[in-house]
Number of protein chains: 2
Amino acid sequence: MSSSDLRKPITARQLARLIGVSQSAVSRAYTPGASISSEMRRRILSMADSMGYSPNAIASTLSKRRSNIVGIVVSAMQNPFYPVLIEKLSRGLQQVGQQSLLFNLTHGADIKQQLAALRQYNVDAVVIVSAAPLSGAALSWATEGRTTIMINRTVPDSGLSSVCCNNAEGARAIADHFHALGRRRVAFVAGVPHASANLERQHAFIERLAELGMTLSASVAGGEYSYEAGYRSALEVGRAGHTEAIFFANDILAVGGLDALRDEAGLSVPGDVAVAGFDDIAMASWPRYSLTTFRQPLDAMVERTVQLVTGKAEPAETSIHLLPGELVVRNTTAGR
Amino acid sequence: MSSSDLRKPITARQLARLIGVSQSAVSRAYTPGASISSEMRRRILSMADSMGYSPNAIASTLSKRRSNIVGIVVSAMQNPFYPVLIEKLSRGLQQVGQQSLLFNLTHGADIKQQLAALRQYNVDAVVIVSAAPLSGAALSWATEGRTTIMINRTVPDSGLSSVCCNNAEGARAIADHFHALGRRRVAFVAGVPHASANLERQHAFIERLAELGMTLSASVAGGEYSYEAGYRSALEVGRAGHTEAIFFANDILAVGGLDALRDEAGLSVPGDVAVAGFDDIAMASWPRYSLTTFRQPLDAMVERTVQLVTGKAEPAETSIHLLPGELVVRNTTAGR
DNA sequence: TTGAAAGCGTTACCAC
DNA sequence: GTGGTAACGCTTTCAA
């Protein structure tokens, strides 16, 4: 118990010899449906327990050709949405016996080189949780035909499946909400301009504005999903004047924007300008911010992803799994 | 290029046969110091490239007995300090050719069962980034004598090495700072009561107060490191009255506390009460909070951890690697 | 320098 | 139900 033994762990073969059974028997004892008498299994497991034996997952991978490892590709995490998503995802995978191997993408560096490691470890599947620009070609090279799921993003013409919140629905809901509040001149603050989620929200929002006869008073891009970008962008929009409401492409932008509008531009929210975000991160519900937002169905998205990874949902059904979100109205869009 | 081939990747043997060399040669081509002619290596690598071959890391693990995988044990992440740490750590490991396998601990569930997977994958080392209660016994069982590093925590009598910020130094610096401001009645807000980092900060702070002849007006425990816990605790302390300064065990508590003090208790910070935290998370520097805090030397901690993992620093030297932090004075402790 | 062959610790298939 | 025996794809002796 107390010894920190550097000697290598006992193998199935040694354990088998110790009990006087075949090594195959040991393997069977650990294989759920295997044909083995319960007496034999009991004996083996009990001996294993007292000898501190547990099967070597790496060796098992080699022979089963399944690693029970999912590669998770992530990038910049200034956006608090991601850590939460990744934690939930990793826990969800763990529950179905899958481990998570993390791959960090560094912006600017050679994608192919960064994803090389992904090929070498026999991951069963790959989940992309990153807004970083990725070509379909690079992806299919890296994943080598393994099941690959993207969360909260799409890559056109890649044939890869995605699990997304209904961004367009959300953006329209925000537009409708602004309209119902009587705000007519509204602005949009983008995050990463070419990210698919950003584009979908932007297009649907602007389209809906037109349908409702509202005016897009300004449209700026923060360049990234961060507090600072939101802060800067809000000041830009604030200067534009006459804006009655701002839709930030996501919550962390909106939070930065709120601070800028109130504390630096001296505007009242929602008095002078209403504000809405997207995601519903924890901060959005902090009393200080109390941010109106469109909630992404995180748990459902993770659940669906896990199903796709384990093959319990048909990837063929639809390439893009669109899950419904929910408008959460808070103080930043209260009546004047 | 465009095909998403489900057929299994080419092996070293196939590649070798294709070129007309031995399989050993292929292996050598990928082994830095191996004795192989540069001509042979060139031929193999070029063929490998055009055939899309790359060595199977799992198989390599089995024969080399090194996986180049580090297990990272994490738990609750409401504290923004952790995602940042984990990202930096994972990137640092990646740079030295190590991958990160994530293990999530769920509070309350059976530790041993949760760490079982850790044993089965042949991780080269284990890094514990979690404040969750862990016994030395459970740990050494799970790690089976592999090098194990804990970040930002210690487990007494475990003999395991830790990389920590100098918590006592930081807590004393905060006390000194409060004293210099002329605040005499000060309070402490704890996070996870029995976490080692929390205890160290608490003890050093209170001790220093005594040395300086200051008064501990209140001491409450939030129970966890979260915004909500900070918010609640601040209200409790606020009611106690006569408190001139509050030291929160970390930044996320302090941020919650600030909102509570200002927006709910109607107190002015730093006018009525000064506030300090610990960590220097991103939020601490947001203009809205501008929180005085003690900065943990994240990069240095990660660097040291990577050195320990790769064996470039002697684990034997000191069991606890104490790295110096830095007091960062901001508006929450400005003069009245 | 190169090739052949013996592991590494499993699983899977085959007889019994 | 059980035990032998090939894989799995690589690294590492050992000879040549």
Side-chain angles (χ1 to χ4, degrees), chain A residues 7-45 47-48 51-69 97 99 117 119-124 144, chain B residues 7-45 47-48 51-69 97 116-117 119-124 144:
Chain A
R7 63 169 182 271
K8 45 191 179 183
I10 182 176
T11 73
R13 157 156 269 102
Q14 296 173 306
L15 183 68
R17 210 172 318 233
L18 222 54
I19 313 183
V21 298
S22 77
Q23 193 261 0
S24 323
V26 174
S27 175
R28 292 192 187 105
Y30 285 91
T31 310
S35 67
I36 181 178
S37 71
S38 54
E39 165 58 11
M40 168 83 91
R41 169 171 282 149
R42 196 195 51 68
R43 249 171 66 209
I44 293 179
L45 292 183
M47 191 57 163
M51 295 301 294
Y53 168 81
S54 59
N56 180 327
I58 297 292
S60 157
T61 295
L62 194 56
S63 101
K64 279 202 303 195
R65 283 111 163 293
R66 300 195 73 248
S67 58
N68 287 354
I69 294 181
Q99 307 302 320
R119 310 181 73 199
Q120 314 194 181
Y121 289 83
N122 270 350
V123 299
D124 289 350
E144 288 190 300
Chain B
R7 61 168 184 273
K8 43 191 178 182
I10 182 176
T11 73
R13 158 158 267 102
Q14 296 174 305
L15 184 68
R17 208 172 319 233
L18 223 52
I19 314 185
V21 299
S22 78
Q23 190 262 353
S24 324
V26 174
S27 174
R28 294 195 184 103
Y30 284 92
T31 310
S35 65
I36 180 177
S37 70
S38 55
E39 164 58 13
M40 169 82 93
R41 169 170 282 151
R42 197 195 52 67
R43 249 172 66 210
I44 294 179
L45 291 184
M47 191 58 163
M51 297 299 296
Y53 168 81
S54 60
N56 180 327
I58 297 291
S60 153
T61 295
L62 194 56
S63 82
K64 281 203 303 198
R65 281 107 167 292
R66 300 194 75 251
S67 58
N68 286 354
I69 294 181
R119 311 182 73 201
Q120 315 196 181
Y121 288 84
N122 271 351
V123 298
D124 289 349
E144 288 190 299

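Note that the structure is predicted; figures quoted are calculated from it, not measured. Below, chains carry the letters A, B, ... as their sequence lines are ordered, and counting in each starts from 1. For the numbers below, each heavy atom of this structure counts, side chains included, while hydrogens, waters and symmetry mates do not.
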Output one line per pair: protein atom, nucleotide atom from nucleotides 14-16 of chain C, and distance, for all N/O pairs under 3.5 Å.
none

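Looking at residues two or more places apart in sequence or on another chain, you find a side chain to side chain donor-acceptor pair (under 3.5 Å) between B:Arg42 and B:Glu39. Scored by the side chain to side chain contact (heavy atoms under 4.5 Å, CB included) test, A:Ser60 finds A:Lys64 as partners (sequence neighbours excluded). A:Leu62 pairs by the side chain to side chain contact (heavy atoms under 4.5 Å, CB included) definition with B:Ala59, B:Leu62, not counting sequence neighbours. Here A:Arg66 pairs with A:Asp124 under the salt bridge (Lys or Arg N to Asp or Glu O under 4.0 Å) rule; sequence neighbours left out. Applying the side chain to side chain donor-acceptor pair (under 3.5 Å) rule to A:Arg43 yields no partners; only residues at least two apart in sequence or on another chain are considered.
Defining each end axis of the helix from C:dT1-D:dA16 to C:dC16-D:dG1 as the rotation carrying four pairs' C1' atoms onto the next four, with five pairs an end, the two axes are found to diverge by 40° to 10 degrees.
Not one N or O on the side chain of A:Ser54 forms a donor-acceptor pair closer than 3.5 Å with the backbone of B:Gln120.
Listed by residue number, B:Val21, B:Ser22, B:Ser24, B:Ala25 are the residues of residues 12-25 of chain B with a heavy-atom contact under 4.0 Å to DNA chain C. Only at 4.0 angstrom or more do the heavy atoms of residues 34-44 of chain A sit from any atom of DNA chain C, so none qualifies. The stretch residues 53-66 of chain A comes close to DNA chain D through A:Leu62, A:Ser63, A:Arg65, each having a heavy atom under 4.0 Å from the strand.
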Give the table of side-chain donor-acceptor pairs shorter than 3.5 Å for residues 24-37 of chain B, with sequence neighbours excluded, one pair per line with atom names and distance.
unit_1	atom_1	unit_2	atom_2	d
B:Thr31	OG1	B:Ser27	O	2.9
B:Ser37	OG	B:Met40	N	3.1

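Between chain B and DNA chain D, the heavy-atom contact criterion of under 4.0 Å yields a 5' to 3' nucleotide range of D:dG9 to D:dT13.
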